[in-house]
Amino acid sequence: MYYFVSENIFTFNSGTEHSQARRTKLFNKMGRKAVYVSRNYNRYLERDRQSVDLPADQSLNMYDYFQGTVNVPRQEQNLRLLPELPLDEYHIHAHGPNYSTLDQAGKKLAKITVQPATVGLVNEIVTNDQYGNQTTRENWDWRGFLSSVDYFHPDGSLGVRRYLDLKGNTVIEQVWMNVNGKLQPTLWKLLDYHDQMFRFNTEDQLYLFFLNELIHDDDDAKIISDRRTLDYVVADVQGAKQKWPAFHGLHTERTHNVASAPLLPVYQDVLTKFPDAFDGVLVATPQQQQDLQSRYPQVNVLVAPDTVIDDIHPHQPQTAQVVLYVGRLSAEKRPEEALKVFAEVKRQLPDAKMIMAGYASGPDYLEQLKHQANNLGIDGSVDFAGYQTQQQLHELYAHASVILQTSEAESFGMNLVEAMGYGVPVVTYDIQYGTPYLVLDDQNGYVVPDGLDQAMATKVIKLLTDDTDWQSKSQAAQAKAVGYTPDKTFAKWKQLGF
Amino acid sequence: MIFFINSTLQANKSGIEHAEIKRLRLFNHHNTDVRMIFRDWNPSLHIATAAAGIEDRQVLNMFDYFQDTLAMPQQALHVDDISFGVPHVRYEDDAAQNRYLVTAQNGQLVARVNYRGADRQVWSTELFDGYNNLYRVDNYDARGFKTLVQYYTPDNKVGTEAWLDRQGQVVLETFHKYDMQQEWQQAGWRLRDRRDGKTYQFDTIEHLTLHFLDDVNAEFWSNERPNVFILDRAHIADWGFLHLKKPAYTAFHLHNSQAGNAQEPLHSILNNNYEFSMNAIDGYDCVISATQRQTNDVEARFHPHTKLFTIPVGIVPDSLLNAPRIPVKDRQFGKMVVFARVAWEKHLDDLCRAIAIVKKAVPEVSLDIYGYADSSDNYRARRAVEAVIKENQLEDTVTLKGYTTNIDEIENQAMMYGLTSRMEGFNLAIMEAISHGLISFSYDVNYGPNEIVQDGVNGNVVPYEDYQEMARDIIKVLKNPQLAQKYSTGAYDSSERYSEANVWQDWTNLLADAKRVWPAKLAAAGLEA
């Protein structure tokens, strides 16, 4: 069985999680049993798993495993129907859609928050004492059961978390105490795991224990480590048949002169500290493979598909001129370049629209981008759409005229592959590593020198105004994307011996 | 069901606990079922109750009730029964501190395991994380199960406390927090009530206690007769009794003077313990005093609508009433005894002063004082007694004997009993004295001594603090064998007032009242049978 090991499935996922989820689905579809293994405690995992279209039986979370809540179906739990509330003693007083309070004769006893984007489903019950201090917090899972209970230190910081099974037994206890005067989690205790107690100083020690338990009876366990922060854990797992870190980014601190650039610290574990713990390294492009191979000749570097798309899709008839950006709004992806490009496009094509799809690295950065759009006079034509689910993205791709890539660097570019699957041509800067691998200039889009926004705008305008050119680029894009359909993708995995 | 309500039971029992245990035996003897409610958390409670001869089925501790641990088998629990989650720990016996130090292979302290007794039964474990922080203390019941988990704060205070049920699930929590003035407070409670599965929050243990009494009242509910709650420690439920959800018959039991100065019962500031209940007196169904005199004073001061019952807290067993009487001539002439703590309120230095006077007329007189010396104020009471002894050269006359349980033997040999207390709630000791035929001399002190001792019948009652008068009365008796025998016979006879039959009759009257008023209480609550 394959174990793709990661931290979490987040509410807003990066390419790493998407890549991992798609690989998981692909392997299962092709008859290789695989599971997306996550470490973090995430009460919304069920929702987040669904938002990346990962089937329930292909996801396994550590806390769920120990809590015995792996296969619990969702049952909506309305806060007004909580059996534990004595409603002949207390009132539930609604304060808008996001929370209610539990009141006794007008005195607040607890605050009950609502699961995000639901109507009245219980999220947390935070009790308070007569002085207003938080005393307990009950944390409810998206699936409608009580998952953990928190206690607090005198200053209100989290002190103890008891993770529960469905019967209400505490199965893991987590404690926050001081280390050198700084509060941090200092203990995870498995209280009764197969009649034994186990104490851990860090969450990753618990994760290692969990992974060892997971593969204990599997003599054909193959692990892919998808997060560099977890390579040292995977390195220590006992009894796996194979271990492969899969890289989802550039391994160096700078994006030019990569061959001589300093290694990013998180890559040291695999490349310099204990490369022998792994069978090799998986990267997305031959260029990264070459760079690594020349620098670390002892490391076995393979090129493996970093994404897979379900199929090639027809592009919808173009009714508007839509320029698309898909990716996190963060500095290294240079969304401000995309805005500059679009400003030029709009000067010549006033009806053009731009959609910026992706979550911002922070609220300040988003404000900065909106301010920039305002200054450029394009704020009425730019839609900051935020994080999009897979389904929403497919809608966008089906209607987009062109997709921009303005990043400083990309190890791959699954956004481009997805867009090409819908016949959307790409206009990109000439950057490492994914661009030259995915886009050929004047074939399935255009590649312009890094940082030349005017040049990029010119290519965008050409595609938006020259339908013949657009048609040929669109067809070439789809032809390129065919290489990432399931059969073709899995054939590459098989070639690698998976 | 009938409930006696107290805070807890320790090996060292005060008069209230003695009175409760005697009452329990009386009720049991008359096949009238009783539960003894102990409100406070006490992991050794079942040791104390067992030692007092109380069966587990009659012990109803509030925490046990919520924890579903009322009836638990006694189990041994030793250090090697405890898991720490750390492999290959080593145990170092720190016998001087009654504990084991448990260390990991790297020498780091994992836990301190505190034990008690010769078999080293574990009663708590102090647990450390991997960074040397004490983060949690587990407390074990003497019956051998984990009962309370105390989570510590980074500055080493008990933060949250969590009580466990028999499956180990948290059912009750209390929280220690800072208030707005940054004072550290016990700030609240949270209960998952096993009766209805609901979660309740309480600001104080008084509110929690009220909820507990409501639960108990519901669990033992009968339309035929009320639950009778007899409150023996005022602070446990003097407020709660007024706020019960459903009706019950609430009896407030005075165990001491209601007045701060027992000699000024009508005017002095109230005894702080009873200030609330006496102000709220009509909120109870009845008030019980141990003496008629106290009942009269309560009536005179408060004019309550609530019923007042007089029921002695002492019972002279039939075996004693029927025992052969020992004539005065077979007793040690001039031997006076007293069983009392050597404490300020017992005022035993006055008794020594009386004996000093008697000795001048009757040199054979002697006094044996049996009881612990109270350590308050650097043994002030004992020092006062010793000063009088020294001043009057009573070293061969007065002896501080210490505590004894050998009452029968001592009182069957002695002749007299003396009491010079400042105040009393009843005084079981002087009742025992008359039941052994001792001639008693007492100050006219409220409440108990001036009723148990009947002037001219079984001894003499002299004005409060008039030890000279007491000395004159003692001399009269010592110089008149006929009078002495008359008083001794009177003592035997007068103890009949405290016979089991008489005391039970008093309780029967109270229980009959409870039954009589029940239909009206049910009707008032809209709960007619």
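A, B, ... follow the sequence lines: proteins, then strands. Residue 1 opens every chain.
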Q. Short question: side chain of B:Asp129, backbone of A:Val175 - any donor-acceptor pair under 3.5 Å?
A. no
**Q.** Contacting region of A:Asn133 [heavy-atom separation from chain B under 4.5 Å]
**A.** side chain
Q: Kindly say whether B:Ile205 contributes a backbone atom to a donor-acceptor pair with the side chain of B:Thr209 at under 3.5 angstrom?
A: yes
Q: Flag this pair as yes if the NZ/CZ of A:Arg74 is under 6.0 angstrom from the six-membered ring centre of A:Trp142 and inside a 45 degree cone about the axis; otherwise no.
A: yes
Q) For B:Trp163 and B:Phe63, what are the C-alpha separation, side-chain angles and deciding distance, and is it a ring pair (Phe, Tyr, Trp, His ring centres under 6.0 Å)? A) CA-CA 8 Å; B:Trp163 282 267; B:Phe63 289 80; 4.8 Å; yes
Q) What residue, out of B:Asp193, B:Thr204, B:Val170, B:Asp196, has the most heavy-atom pairs lying under 4.5 Å from chain A? A) B:Val170
Q: Compute the centroid of each ring, for B:Tyr65 and then for B:Phe212, and state whether the two points are separated by less than 6.0 Å.
A: yes
Q) Relative to chain A, which segment of B:Phe84 carries a heavy atom at a distance below 4.5 Å: side chain, backbone, both, or neither? A) backbone
Q) Relative to chain B, which segment of A:Pro86 carries a heavy atom at a distance below 4.5 Å: side chain, backbone, both, or neither? A) both
**Q.** B:Thr153 portion near chain A, given a 4.5 angstrom heavy-atom threshold
**A.** both
Q: Can you tell which part of A:Leu85 gets under 4.5 Å to a heavy atom of chain B, answering side chain, backbone, both or neither?
A: backbone
Q. Using a cut-off of under 4.5 Å for heavy-atom pairs, which of B:Gly130, B:Gly197, B:Gly168 has the most such pairs with chain A?
A. B:Gly130
Q) Does B:Lys177 make a cation-pi contact with B:Trp184, if we ask for NZ or CZ under 6.0 Å from the ring centre and within 45° of the axis? A) no
**Q.** Contact origin within A:Asn128 toward chain B - heavy atom pairs under 4.5 Å
**A.** backbone
Q. Using non-hydrogen atoms only, which part of B:Phe175 is less than 4.5 Å away from chain A: side chain, backbone, both, or neither?
A. side chain
Q.
If I measure from the heavy atoms of chain A, does B:Tyr135 come under 4.5 Å with its side chain, its backbone, both, or neither?
A. both
**Q.** Which atoms of A:Leu183 approach chain B - backbone, side chain, both or neither, heavy atom under 4.5 Å
**A.** side chain
**Q.** Segment of A:Glu138 engaging chain B (4.5 angstrom heavy-atom cut-off)
**A.** side chain
Q. Tell me, side chain or backbone of A:Gln196 under 4.5 Å from chain B's heavy atoms, or both, or neither?
A. neither
(Q) Report which part of B:Trp189 has an atom under 4.5 Å of a heavy atom belonging to chain A: side chain, backbone, both, or neither. (A) neither
**Q.** Residues B:Lys198, A:Glu84: salt bridge by 4.0 Å N-O rule
**A.** no
Q: Check whether A:Lys167 gets within reach of chain B through its side chain, its backbone, both or neither, counting any heavy atom under 4.5 Å.
A: both
Q. In terms of heavy-atom pairs under 4.5 Å, which option from B:Pro87, B:Gly188, B:Ser83 contacts chain A the most?
A. B:Ser83
**Q.** ring pair (Phe, Tyr, Trp, His ring centres under 6.0 Å) between A:Phe209 and A:Tyr193, worked out
**A.** CA-CA 11 Å; A:Phe209 177 86; A:Tyr193 181 72; 5.5 Å; yes
Q) Which answer fits A:Phe152, side chain, backbone, both or neither, if we ask what part of it has an atom under 4.5 Å from a heavy atom of chain B? A) both
Q. A:Tyr131 and B:Tyr178: aromatic ring centres closer than 6.0 Å?
A. no
Q. Quick one: what part of B:Leu127 sits under 4.5 Å from any heavy atom of chain A, side chain, backbone, both or neither?
A. side chain
Q.
Check this for me: B:Arg90, atom CZ, are more than 12 non-hydrogen atoms of other residues, nucleotides or ligands nearer than 6.0 Å?
A. no
Q | Residue among B:Arg99, B:Arg120, B:Glu126 satisfying side chain to side chain donor-acceptor pair (under 3.5 Å) with B:Asn114 | A | B:Glu126
